[in-house]
2 protein chains.
Amino acid sequence: MRQLDDTDREIIRLLVEDARRPYNEIAETVGLSPPTVSDRVERLQEIGVIRRFTADLNHDILSDGLSLLVTVNAKPGHVGDIRESLASFDGVEHVFVTADAHIVCKANLQEQAIETLLSNAIGEEAVREYDVQLLVDDEWNPQPGTIEFAPDCVECGNTVTEEGESTRIEGELYHFCCSSCKAQFADRYERLQEGATN
Amino acid sequence: MRQLDDTDREIIRLLVEDARRPYNEIAETVGLSPPTVSDRVERLQEIGVIRRFTADLNHDILSDGLSLLVTVNAKPGHVGDIRESLASFDGVEHVFVTADAHIVCKANLQEQAIETLLSNAIGEEAVREYDVQLLVDDEWNPQPGTIEFAPDCVECGNTVTEEGESTRIEGELYHFCCSSCKAQFADRYERLQEGATN
DNA sequence: GATGAAATTAGTTCAAG
DNA sequence: CTTGAACTAATTTCATC
């Protein structure tokens, strides 16, 4: 299977930021055409890097119950079960499993549902101990981790930022900090090509 | 302020399921026309119920560094600082603050960045103790739960109902329970601005 | 608020390199 | 793998209710 390249990573980053960003905008940013971006996004979904496009809701103003952090210390061999039952419980938004068999989950629940979660989803036989904490704040920054994408402008050496542009010349992707650097580089490249063939 | 109705809730549910579902499909499901759905979605974003549309990534196959759960027990008065510095650290995806002054954050980091996070973002003076756990699994279940729109009045703290009002001040949307709270807040805000510039 | 028709904008298909 | 051109689909505007 083809590995992810920098272009894929940049497309991912842009879609995490805004899943509805038009493809022509993405195309311009990464220096490709819209159909190619479309193909790549389709591929990213196919190989499972992008699981789905979704809406991030603000639970603070939605008042859909209490926000809780539930930490469970699972008995050996039960981590998978508990993870599954927690993840499928209505209102459970995030489930984290640590290397040392702790399961941490974040849930938005009505008060009466907390007891159900604890008894049904967690049970007794499979759990060493558990802890429930009330959340007072919850900030979420969807971001693709430390996908490195801060190249230097190939023309002037400055770091390429949001305003930067990219272009593909003979299959190779080049990044520029601004359109003038891009134009200058393209110009120089063309001259070089002419010189080589004459 | 107009409350969320069942149609809004259904639209939210459909968008959480698939943020890119076409409006005519949503329209058919909820029995409205596409332009109306468009208007409603716009409103849901305006009032902050929908924070953003994003892509749910599978970090397992993305191999963008290690996934960690960092738990920090903050000293009194430092919860806010630590929350802020963690949230703004590159690679930190989620920050939870519990009622008992614990901060739990989930980060996707390259190995060398872990040390930086611990020393820079957490520091020493403000923290009683901290704990870093390696994550082996991480599941996100975007789901709206039982949605009710009920923000707190930024002026008096009461729940904002049908009679409430909203206003945008310098790009930021504020919700109030009544026009007098709105006026009072606007007044105070203006004073503050004047004081700052003089 | 909500709508249908029109206009605009976005996405996909496809032949070609 | 990528593209531009043609085509199809989705979204937004707007006059009207």
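To find a chain, count down the sequence lines: A is the first, B the second, and so on, and within it residues start at 1. Worth saying up front: this structure is predicted, and the values here are computed from it rather than measured.
As a whole-Å value, the separation of B/L44 CG from C/dG1 P is 12 Å. If you measure from atom CZ of B/F53 to atom P of D/dT11, you get 11 Å, rounded to the nearest angstrom. Going from atom CD of A/E42 over to atom C1' of C/dT12 covers 9 Å, rounded to whole Å. Atom pair A/D6:CG and D/dC1:P shows a separation of 16 Å (rounding to whole Å applied). Taking atom CZ of B/R21 as the reference point, atom C1' of D/dA9 lies 17 Å away to the nearest angstrom. Summarising the geometry, the separation between CD1 on B/I26 and P on D/dT12 is reported as 11 Å, rounded to the nearest angstrom. Atom OH in A/Y23 sits about 12 Å away from atom P in C/dT13, given to the nearest Å. Nucleotide C/dA2 holds its C1' atom 14 Å from the CG atom of B/D8, rounded to whole Å.
Residue A/R20 places no side-chain N or O under 4.0 Å from the OP1 or OP2 atom of D/dA10. Look at B/S33 and you won't find any side-chain N or O under 4.0 angstrom from OP1 or OP2 of C/dA2. Proximity of A/S38 to the phosphate of C/dG11: no side-chain N or O atom is located under 4.0 Å from OP1 or OP2.
For the pair B/R20 (side chain) and A/F53 (backbone), a donor-acceptor distance under 3.5 Å is absent. Looking at B/K75, its side chain does come within 3.5 Å of a backbone N or O of B/E125 through a donor-acceptor pair.
Across all strands shown, B/R40 has heavy atoms under 4.0 Å from sugar-phosphate atoms exclusively, and none from any base. Residue B/P22 is classed as a sugar-phosphate contact, given heavy-atom separations below 4.0 Å to backbone atoms only.
Paired with A/H102 under the rule side chain to side chain contact (heavy atoms under 4.5 Å, CB included), one option of A/V97, A/V79, A/N73 passes, and it is A/N73.
Counting non-hydrogen atoms of neighbouring residues, nucleotides and ligands closer than 6.0 angstrom, the CD atom of A/E115 reaches no more than 12 such neighbours.
For B/L32, the side-chain atoms get nearest to C/dA2 when compared with the rest of C/dA2, D/dG4, D/dT13.
In terms of heavy atoms, B/R51 sits closest to A/L57 at NH2-O, 3.1 Å.
Nearest-nucleotide mapping onto DNA chain C: of A/D39 and A/N24, the residue sitting toward the 5' end is A/N24.
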